[in-house]
Amino acid sequence: MIKAVERDDLAAAVNLAVLLWPGHTATGLMEEFTEFVAREDVRIFLKYKEEIPVGFAQCQLRYDYVEGTQSSPVGYLEGIFVKEEFRHQGYAEELLTECEKWAKMQGCEEFASDCELHNTISARFHQAMHFTEANRIICYTKKI
């Protein structure tokens with residue numbers, strides 16, 4: 001079963017999100033996700049197996065330029081995660097499909113995502129889900 005996250009589901013979503021984004025705190029993600037469930041342009045989906053949350057996906061609409069796209073808004077996969085012991089069972093694909101359906105219902109003609117260059121697991125997932133690589137970039141910063 002997959003469902004869109006509501007206020008009662010926030011803790012389950014946050015518990016999964018800290019596994020995907022270990023640099024974030026549960027408190028910070030709770031604040032962020034609480035804001036997201038109130039917005040119309042963001043959706044978080046939870047995948048349950050026998051009433052146990054095993055994965056989540058966060059998607060949103062992007063109105064700014066999205067690399068490789070021609071339309072606006074674009075549905076955008078912000079993050080997707082399935083607990084390791086539940087991987088390779090099609091759950092991530094189910095979550096992605098739910099995100100894509102939601103984006104299409106919002107009028108999107110395109111769906112996009114990204115991953116860091118070193119994240120080969122994410123790159124393989126995107127390729128398996130029929131994403132087409134649009135570009136590779138390296139971002140630079142410096143203190144001034």
Side-chain angles (χ1 to χ4, degrees), residues 1-139 141:
M1 174 184 80
I2 294 178
K3 70 174 288 201
V5 169
E6 297 174 3
R7 287 183 103 51
D8 293 345
D9 308 302
L10 283 170
V14 166
N15 288 338
L16 292 166
V18 296
L19 298 172
L20 176 61
W21 297 307
H24 292 76
T25 66
T27 303
L29 286 168
M30 181 62 83
E31 290 173 10
E32 201 173 324
F33 280 22
T34 299
E35 176 191 324
F36 289 160
V37 297
R39 290 174 48 181
E40 293 296 318
D41 63 340
V42 179
R43 281 297 176 276
I44 303 168
F45 294 100
L46 276 173
K47 168 67 180 174
Y48 288 88
K49 181 174 181 176
E50 300 172 8
E51 300 183 28
I52 298 168
V54 300
F56 88 101
Q58 177 192 338
C59 56
Q60 71 179 54
L61 304 179
R62 288 201 179 180
Y63 294 90
D64 54 336
Y65 174 72
V66 175
E67 192 76 39
T69 64
Q70 306 298 316
S71 61
S72 182
V74 171
Y76 205 88
L77 182 66
E78 300 292 345
I80 190 165
F81 178 82
V82 175
K83 287 182 179 178
E84 193 167 346
E85 62 269 29
F86 295 97
R87 293 179 185 166
H88 307 290
Q89 298 180 47
Y91 297 158
E93 184 174 8
E94 290 177 26
L95 285 161
L96 175 61
T97 298
E98 206 62 36
C99 289
E100 291 171 345
K101 280 196 269 184
W102 172 78
K104 194 169 189 169
M105 288 175 29
Q106 307 312 305
C108 296
E109 297 175 8
E110 297 176 281
F111 197 84
S113 184
D114 64 58
C115 72
E116 295 178 345
L117 289 174
H118 70 276
N119 192 339
T120 57
I121 293 170
S122 182
R124 285 194 306 268
F125 167 76
H126 284 86
Q127 291 163 359
M129 296 298 109
H130 309 290
F131 281 92
T132 300
E133 186 174 307
N135 196 5
R136 288 184 178 238
I137 64 171
I138 298 173
C139 301
T141 65

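Note that CG of Asn119 is 10.0 Å distant from CG of Asp114, once rounded to the nearest 0.5 Å. Rounded to the nearest 0.5 angstrom, Gln127 CD and Glu133 CD are separated by 7.0 Å. Rounded to the nearest 0.5 Å, atoms CE (Met129) and CG (Leu96) are 7.0 Å apart. For the atom pair CD (Glu109) and OG (Ser72), the distance works out to 10.5 Å, reported to the nearest 0.5 Å. Between atom NZ of residue Lys49 and atom CD of residue Gln89 there is a gap of 4.5 Å, rounded to the nearest 0.5 Å. Going from atom CG of Leu46 over to atom CE of Met1 covers 8.5 Å, rounded to the nearest 0.5 Å.
Glu67 places no side-chain N or O within 3.5 Å of a backbone atom of Ala134 that could act as its donor or acceptor partner. A distance-only check finds no donor-acceptor pair linking the side chain of Glu78 to the backbone of Gln58 [under 3.5 Å].
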Please determine whether side-chain contact (heavy atoms from CB on, under 4.5 Å) holds for the pair Ile44 and Asp9, giving the CA-CA distance in whole Å, both sets of side-chain angles, and the decisive distance to 0.1 Å.
CA-CA 10 Å; Ile44 303 168; Asp9 308 302; over 6 Å; no
I would like to know whether Phe111 and Cys59 meet side-chain contact (heavy atoms from CB on, under 4.5 Å); could you show each step before the answer?
CA-CA 10 Å; Phe111 197 84; Cys59 56; 4.3 Å; yes
In sequence, state the C-alpha distance, the side-chain angles, and the governing distance for Leu61 and Trp102, and then conclude on side-chain contact (heavy atoms from CB on, under 4.5 Å).
CA-CA 10 Å; Leu61 304 179; Trp102 172 78; 3.8 Å; yes
What verdict does the side-chain contact (heavy atoms from CB on, under 4.5 Å) test give for Val5 and Phe36, after you've listed the backbone C-alpha separation in whole Å, the side-chain angles of each residue and the deciding distance to 0.1 Å?
CA-CA 9 Å; Val5 169; Phe36 289 160; over 6 Å; no
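Partner Tyr91 forms a side chain to side chain contact (heavy atoms under 4.5 Å, CB included) with one of Glu94, Arg87, Glu93 and no other, that one being Glu94.
By the 30° and 60° cut-offs, the orientation of the rings of Phe56 relative to Phe33 is tilted.
Of all non-hydrogen atoms in Leu95 and Gly55, the two that sit nearest each other are CD1-C, 3.9 Å.
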